[in-house]
Structure formats: structure tokens, C-alpha cells
Colleague: 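My structure is below; once you've seen it, I'll send some questions.
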Amino acid sequence: MNMRESLLSAIDSLRANKLRAVLTMLGVIIGVTAVIALLSIGNGVRSSINSEISAIGTNLIMISTNTRNSDGYATLSLSDVGALSDPLRAPDVEQIAASVQTSAAVTAGSNSARPSIMGVTANYFMINNLDEFEAGDGLTQTDIDTRARVAVLGLGLAGDLFPDSYPVGQVVKIAGTSYEVVGVLTASGGGFSNTDDSLYVPISTAQNRLSNSRTRSGERAVSSIIATSASAERNTAALEQIAEVLRQEHHIVYADDDDFSLISQTDLLDTFNQITGMLTAFLGAIAGISLVVGGIGIMNIMLVSVTERTREIGIRKAVGALRRDILTQFLIESIVLSLTGGLIGIFLGWLISWGAGNLIGLSAPLDVMTVLMAVGFAVGVGIVFGLYPAWRAAGLRPIEALRYE
Amino acid sequence: MIRMRNITKTFHMGETEVHALRGLDLDIGDGEFVAIMGPSGSGKSTLMNILGCLDIPTSGEYLLGGEDVSSLTDDEQARIRNRRIGFVFQQFNLLPRTPALKQVALPLMYAGYDRTDRMDRAAEALKRVGLGDRMHHKPDELSGGQQQRVAIARAIATAPTIILADEPTGALDTVTGDEILDIFQELHAQGNTVIVITHDPDVAARTNRTIWIRDGLVVEHRSPDNGSMSS
Ligand SMILES: Nc1ncnc2c1ncn2[C@@H]1O[C@H](COP(=O)(O)OP(=O)(O)O)[C@@H](O)[C@H]1O
Ligand SMILES: [Mg+2]
């Protein structure tokens, strides 16, 4: 008896009891639907956040004070920036920007806000992919060099301070001093900081007027330094060079810990992917449990079916069916059941992830691996949970099976 | 050639043992047409099941065509049932909801014939039992006699040499029973060994030899020509 025959006769016998077949498949349908929907929505969320992170710039390296090893002092300064800019010492660092972060009351006429204030170098906007402006322009090197009292506003902040007028050219008061607004950023989501509600001034101005944070040696501190590596492949090399230069600059001896910490965009992506990967696997495992429950449902019905068809099995054996023939017949029936359930589940899961994707506005594509895995799992469930009933059927003795009423 | 020596069959029903066959000897030659008679519970069906390799004896020797078949595995028995023996039951034992052609094709499928071959042979067998026009009828669309014909067609589909029938006319009226017996007679005429269990002396009278069984033993052989001879 070949596979095709077994398949056709399995389909025949399932068709003879359609309602029961569908009820039997329900567990597998629900399990596969859940697995597919969870995995593809999970993948969709992950890839959308991934692309958002990548949009900030792929080769970014964030350098900040390691507060655990700094005795409460800020450790980074503009002389570090100078050292890191030396192509002989850090050849794989391409660009380098710095920022001083602080906060102060800001007013414009009768409107006021308390935004996060960033004192930044001129290239800060470009490195952070913030170099598109709704109005006006960014900061220039001259602004930095002359400690100009000029400010660039995030779009949200601009709306708060200047609800009815064009902000560029107007004046805002920061900690009581007047600054001229020279630019407004376009809306931008995400990133290392909330750019929408921030205010940017030249780093020199911020160090002089808004922040008096100093390093242990008395230099004016910067909150963070942002570097880019020449390429993604050079990222690791750049990280090593930065660490080496900063250890030299900070006179950290061999055995001591760094007083700064480095986070690269790649690290961030890796960590994020690890978390979402774990989350997806966890949800998938929960959905997998429902698949197992579905499998037990199949086993239950197959056992009932073996009992109900004892006489049929007796007849088949009486006319010459081997153990193997009966075993295959029942095994194929349970595989057909679970596979059909699996295919229906894939379709429903796809439908749900498509609908959910539309609802929250991300694409949750059905990837081939997920589908293959679901199909494989469904067939596996059919085999594992079909084996025992099939084995029972195959082991029936023909005369006893024929006597069965 | 069927040759049985000292065949016993003991069933265990909880504590008690039922000795259905108690050391039975039996010889049946190729091409014989034999009736087996005896009171109810005397062991006829048990004997038939062993003859047909549906069951194995508790002890004793059973040679089928010279080959010892008294202690075969399940699958070896299945092969013999499939190729060399056709079985007809009192209760027909057809698959429910399955058309006649498929019923008859069943042993051919397990014998490994391909689909077209199988359907051809099944149709041929159905024609031989006079059901050429009922091939696609399901059991519940056929009369008792017709159902038994389907069962006979199934028994002869793989062209076995031995046909065993356990009270094949028991569930049928006399006229229909006669027709079924005509078929067995024809199969005998074509050279098959045919063994029929029956309660009906008229049925036995149409065979060449009657074997009487009582309490699990053969007690008498009788053939129409040479009268009665006790064993
Ligand atoms: N599977 C079985 N289990 C227990 N006892 C059985 C079984 N089959 C037959 N018997 C017993 O064996 C004896 C012979 O039965 P059977 O061969 O069916 O007789 P017959 O067909 O001549 O009426 C009876 O006493 C019957 O109850
Ligand atoms: Mg009987």
C-alpha cells in the first residue's frame, strides 16, 4: 500500500466525519494561529524598531562618564574631544561631537518651558541625523568660537514657546539671558534623547553660562561625546582606540577601571535584538504549549477512532493488511488532521498579523522560516500524538477485532 | 494440501480454561469440497480460524502446502491470508460506506497491485459472482445475498487456492443460500479447495465430504459415495 493510497484513504475517512475532524483540528489550528501571529508581529515590531535605531546613524559610539568609577566627578572634557580628533591616535574615528546637558527655565514673552538644554558642537546635528531644519539653520563653528547667544529649538518646544509666530529671529530668555533663535528642527522621533522638546546652544556658551560642571582636574566638563567610526566594520577598532586614548588622557593605570563608558549603536541593536528575541521566543513557547494541547486532542480522537473502527481494522487484517499498513494508515490520518489544522492556522495567523500590522502601522510579514517551522511542528504533533493510537490499531489481533461489536 | 496433527486450542477466560480443540487431526486434499458440521460450541469456528491463519493453535502441527504454519508471526500470517486463502464470514464483514469495487480491491491493495490492475481484477471478481452491475453500490444498498457475493468476490480477488466459509448461508434465506452455494460449487469445479462450515444438511449434501466435529475433535468423515466411516 503506497503513500498516495494511504493519503487518499485517510482523507476519505476524515471526510466521513467532517465535524469531528474540524473539532479535532481546533487545538492545532489555535496553536499554529497563535504561533504565527505572535512570531510575525514580534518580528514586525523588531524590524521596525531596528530601522528606527539605524536611522539615527549606524556607526555611532556614545561616550559618557562612568559614574561608578568617577567619585561623583564628570570625567569627560573638550580636551578629550581634541585627543580623539587626532587621526594618528584614533585613526578609525571619523567624526566627533560633544554635548553638555543641563536644564533651565526658558521664556519667550509670556510663554515658558523647562526643556532639556544641550550645549553642542557644530557637527552635533549632522552626526545625529538632526540636520534637517523646519526653519532657519543649525549652529556654526563661528557661533561656537564666539560663544554666541543663539539657540536652536526642537519642533515641539518651538510650538510651546511661539504658538502663533515664526520663531526664527525672535528672542528666548534662558536663565534670564537673551538668546536669538536661529533654527527649528524638524520633528524626529526616537534617538538617544528626546530631540523634539530640547533646546540647543553652542557648547562654549553652555559651559560658560549654563553649566558649571567640572572634571576632577578643574576642566569644564562635557556630558557626552559622540563619535562615529569610519564604517560598521571599523566599529570595534574605533571602540578600542577610543578606550585607549581616553585611558591615556585620564591617566588610568593598567589595573584600574575606566572612568568612562562606551556604548555603540551596534551594542544597542544587539541588546535590543536579544531582548525582543527572548520575548518572541517566550511568547512562541506559550503558543507552542497550546499546540501540544492540540496534539493531545488529536491523540484522544484518534484513540476513539481506533476503538470505533476495531471491526474495520479486523477486516483489513483478515484480508492481508500488515501491521505496517495499519500503522501507516492511522499515522497518516493523524498527520493529515494536524497538517490541515496547521495550514488553516497559518492562514488565520497570517490574517491576524496582517490585521494587527495594519492597526499599529507596521509590516508584520510572514517569513518562510516561521511558516516552515509551523508546518514542521504541526506534522511533528501529528506523528508524536498519532503514533500511540496507530500502534494500538496495528497491534489488534484480527479475530478479536472481528468479534468486536 | 492441508494436514493437521494433534491440534489443540485453549482459551483463557479469567480463571477458567476453555479447550476448544483437543488434539484434532485433519487432512484435506487439494481441490476438495468439504463441509464441516457439528453442534454449536464444538470448535468449528476455532478450527476454521486456524485453518485460515487468522489464529494460531496452542499446540500441534499444521502444514499448509507442506509448509509449517502453526507458529507464524502476525505479518507472516497476514501474507498467507492475503495470497493463499479467501475467507467468507457469516456476517459478511464488509467495510461500511464503501462501494463493492473498493471492498473487493482491498486484498489486492495489500497484495501490492497497482491501482488500475487492482480495479480490473476486482471488477472481474465481481462479475464472477454475478455482481457486474452493482460495483458501485455500498453495503447498505445491497441485499444480504448480494453482500455475501461481494464478500466472496473479495475472498477470490487475489486468486487464492483455498476458500474458507464459516456458515456463509447462515444469515440468508434458503433460495439465496442456494445461489451462494452454487458459487462455491463453481469455485470447486475450477479447482479450488473449498471448506464450508454449515448447520444445514442440504448444504453438506452438496459437498464431496462432511467432517463432523464434537468437543474439539473430529468424530466422523462421511462422503456420499462410500457411505459413512468413523474415525
Ligand atoms: N475467543 C474466545 N475466547 C474464549 N472462548 C472462546 C473463544 N472463541 C471460542 N471460544 C469457546 O470455544 C468453544 C468453541 O467455540 P467455536 O469454535 O466458536 O464453536 P462453533 O463455531 O462450533 O460454534 C466454545 O465453548 C466457545 O465459547
Ligand atoms: Mg461458529
Side-chain angles (χ1 to χ4, degrees), chain A residues 1-21 304-333 336 387 389-405, chain B residues 9 11 20 45-46 48-50 52-56 73-99 102-115 118-119 122 138-139 150-151 153-158 160 164 166:
Chain A
M1 190 174 180
N2 64 30
M3 271 306 181
R4 210 180 86 96
E5 302 291 349
S6 315
L7 200 65
L8 290 176
S9 92
I11 291 170
D12 263 1
S13 93
L14 294 178
R15 276 219 309 232
N17 212 329
K18 288 193 200 70
L19 179 65
R20 189 166 82 183
V304 169
S305 156
V306 168
T307 308
E308 273 185 3
R309 287 155 66 192
T310 298
R311 209 177 165 78
E312 173 195 328
I313 296 163
I315 293 169
R316 287 178 182 273
K317 289 197 130 185
V319 301
L322 303 179
R323 287 180 69 96
R324 195 182 60 216
D325 295 321
I326 303 293
L327 191 83
T328 343
Q329 183 190 339
F330 278 85
L331 206 51
I332 286 184
E333 271 186 36
V336 166
L387 207 53
W391 176 81
R392 279 260 293 253
L396 286 176
R397 315 230 343 115
I399 10 169
E400 275 142 39
L402 283 173
R403 285 166 155 265
Y404 185 87
E405 292 306 325
Chain B
K9 181 71 186 181
F11 295 106
S45 293
T46 306
M48 193 63 109
N49 289 338
I50 293 174
C53 283
L54 273 169
D55 206 351
I56 51 172
T73 66
D74 283 3
D75 279 356
E76 287 165 341
Q77 285 190 317
R79 289 230 182 272
I80 291 183
R81 289 198 295 272
N82 186 236
R83 311 289 156 79
R84 292 165 64 182
I85 293 165
F87 225 117
V88 179
F89 303 89
Q90 179 176 2
Q91 294 307 330
F92 319 141
N93 276 339
L94 298 176
L95 295 179
R97 297 184 299 274
T98 307
K102 269 193 158 178
Q103 309 263 10
V104 178
L106 202 61
L108 294 162
M109 176 170 83
Y110 293 123
Y113 289 94
D114 70 37
R115 195 178 175 77
R118 201 192 302 162
M119 291 310 161
K138 297 171 182 169
V150 174
R154 184 178 65 190
I156 63 175
T158 57
L164 303 178
D166 191 347

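Values below: all heavy atoms of this structure, side chains included; hydrogens, waters and symmetry mates excluded. Protein chains get the first letters and strands the later ones, always in sequence-line order, with residue 1 at the start of each.
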Colleague: Could you tell me which portion of B/R83 (side chain, backbone, both or neither) has an atom closer than 4.5 angstrom to a non-hydrogen atom of chain A?
Modeller: neither
Colleague: Check whether B/Y113 gets within reach of chain A through its side chain, its backbone, both or neither, counting any heavy atom under 4.5 Å.
Modeller: neither
Colleague: What is the minimum heavy-atom distance between B/M109 and A/R316, and which atoms define it?
Modeller: CE-NH1, 4.0 Å
Colleague: Please check this pair: side chain of B/D74 against backbone of A/R397, looking for a donor-acceptor N/O pair closer than 3.5 Å.
Modeller: no
Colleague: Looking at every heavy atom in both B/Y110 and A/A321, which two are closest together, and how far apart are they?
Modeller: CZ-CB, 3.4 Å
Colleague: To the nearest 0.5 Å, what is the distance between CG (A/L322) and CD (B/Q77)?
Modeller: 12.0 Å
Colleague: To the nearest 0.5 Å, what is the distance between CD1 (A/I399) and CG (B/N49)?
Modeller: 5.5 Å
Colleague: Which answer fits B/R118, side chain, backbone, both or neither, if we ask what part of it has an atom under 4.5 Å from a heavy atom of chain A?
Modeller: side chain
Colleague: Count the heavy-atom pairs under 4.5 Å between each of B/T158, B/T98, B/L95 and chain A, then report the option with the highest count.
Modeller: B/L95
Colleague: Heavy-atom distances under 4.5 Å only: say whether A/R309 touches chain B with side chain, backbone, both or neither.
Modeller: neither
Colleague: Check whether any side-chain heavy atom of A/I315 lies under 4.5 Å from a side-chain heavy atom of B/R154, and answer yes or no.
Modeller: yes
Colleague: Where on B/I85 is there a heavy atom nearer than 4.5 Å to chain A: the side chain, the backbone, both, or neither?
Modeller: neither
Colleague: Would the distance check show the side chain of A/R323 and the main-chain N or O of B/D75 forming a donor-acceptor pair, the cut-off being under 3.5 Å?
Modeller: no
Colleague: Can you establish whether the number of heavy atoms outside B/R97 located under 6.0 Å from its atom CZ is more than 12?
Modeller: no
Colleague: Would you name the heavy atoms of A/G320 and B/N82 that are closest together and state the gap between them?
Modeller: CA-CB, 3.6 Å
Colleague: Within a reach of under 6.0 Å around NZ of B/K9, are more than 12 heavy atoms found that belong to other residues, nucleotides or ligands?
Modeller: yes
